[in-house]
Amino acid sequence: QVQLVESGGGSVTAGGSLRLSCLVSGRQYTTPCMAWFRQLPGKEREGVAAIDFYGNTAYTDSVKGRFTISQENEKKTLILQMDNVQPEDTAMYFCALASDINRIASMPPIRYFPYWGQGIQVTVSS
């Protein structure tokens, strides 16, 4: 099994920055793909950013140029650096891991991610 634990959420004013972290532990896969998703109450969970084992990244259009996904600590920590955040970025953010995605050229569909963190709230005020 894989355990994912998010941290770093909270409240911020529009134009500010937040840094989300996700600690990965448990079973290790050869070429995992990791991603951040977000969800508003009553809405479907949407992909925000993803990074594959080789460092290729993908972002949803609304966050391109503002958010950066990366990995630290020998890929045991997933990072989402959120800059110039906007009120529409307000959501519950989830860390996710897929075990069988090789290289990515775009945001992988949610159905490929069987492992999830518990989620962390990000609130952006105007």
Side-chain angles (χ1 to χ4, degrees):
Q1 281 290 350
V2 174
Q3 292 80 43
L4 306 173
V5 180
E6 301 99 337
S7 61
S11 298
V12 63
T13 304
S17 297
L18 272 178
R19 188 173 189 261
L20 304 185
S21 298
C22 174
L23 183 62
V24 184
S25 62
R27 181 176 178 176
Q28 296 182 4
Y29 291 94
T30 304
T31 56
C33 173
M34 297 207 65
W36 289 97
F37 288 77
R38 63 188 181 187
Q39 187 173 24
L40 286 170
K43 302 289 187 180
E44 291 188 357
R45 198 168 293 187
E46 67 164 351
V48 176
I51 184 167
D52 66 23
F53 177 78
Y54 305 98
N56 299 301
T57 59
Y59 299 89
T60 192
D61 287 346
S62 63
V63 307
K64 285 180 181 177
R66 301 188 298 121
F67 291 9
T68 304
I69 189 171
S70 63
Q71 292 175 298
E72 298 177 351
N73 299 325
E74 300 180 342
K75 302 184 188 295
K76 293 180 180 178
T77 303
L78 180 70
I79 303 295
L80 184 67
Q81 178 65 40
M82 307 168 64
D83 296 319
N84 189 23
V85 294
Q86 300 298 315
E88 53 265 34
D89 295 320
T90 295
M92 185 74 79
Y93 283 72
F94 297 87
C95 171
L97 185 146
S99 60
D100 55 1
I101 297 177
N102 196 358
R103 296 177 187 269
I104 63 172
S106 61
M107 190 72 206
I110 190 171
R111 65 179 181 274
Y112 288 112
F113 294 87
Y115 301 108
W116 293 86
Q118 78 286 356
I120 194 163
Q121 180 66 36
V122 170
T123 302
V124 183
S125 58
S126 57

Which heavy atom in [X] sits nearest to a heavy atom in [Y], and how many Å separate them?
X	Y	value
A50	C33	CB-SG, 4.4 Å
M34	C95	CE-SG, 3.6 Å
I101	Y112	CD1-CB, 3.6 Å
L4	C22	CB-SG, 3.8 Å
Q1	Y115	OE1-CE2, 3.5 Å
R38	A91	CB-CB, 3.8 Å

Q. Hey, mind stepping through W116 and R45 against side-chain contact (heavy atoms from CB on, under 4.5 Å) and telling me if it holds?
A. CA-CA 12 Å; W116 293 86; R45 198 168 293 187; 3.3 Å; yes
Path from [X] to [Y] over hydrophobic side-chain contacts below 4.5 Å:
X	Y	answer
I104	L78	no
L97	I120	yes
V12	F67	yes
V85	Y59	yes
V2	I51	yes

Roughly how far, to the nearest 0.5 Å, is [atom2] of [Y] from [atom1] of [X]?
X	Y	atom1	atom2	result
S17	R66	OG	CZ	10.5 Å
Q121	S11	CD	OG	8.0 Å
Q28	S99	CD	OG	13.5 Å
S62	E46	OG	CD	6.0 Å
T123	L18	OG1	CG	9.5 Å
M82	T68	CE	OG1	11.0 Å

Sidechain-backbone polar pair: [X] side chain, [Y] backbone, donor-acceptor under 3.5 Å:
X	Y	result
T13	S125	no
E6	G119	yes
N73	T77	no

Q: Could you walk me through whether V24 and K75 pass the side-chain contact (heavy atoms from CB on, under 4.5 Å) test, one step at a time?
A: CA-CA 8 Å; V24 184; K75 302 184 188 295; over 6 Å; no
Q) Can you find a pair of side-chain heavy atoms, one from N102 and one from Y54, that are under 4.5 Å apart? A) yes
Q: Report yes if some heavy atom in the side chain of M107 is under 4.5 Å from a heavy atom in the side chain of F37; otherwise report no.
A: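 Answer yes - side chains close enough.
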Q: Please indicate whether E44 has more than 12 foreign heavy atoms, meaning atoms of other residues, nucleotides or ligands, lying under 6.0 Å from its CD.
A: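 Counting neighbours around CD of E44, 12 or fewer heavy atoms of other residues, nucleotides or ligands fall under 6.0 Å, so no.
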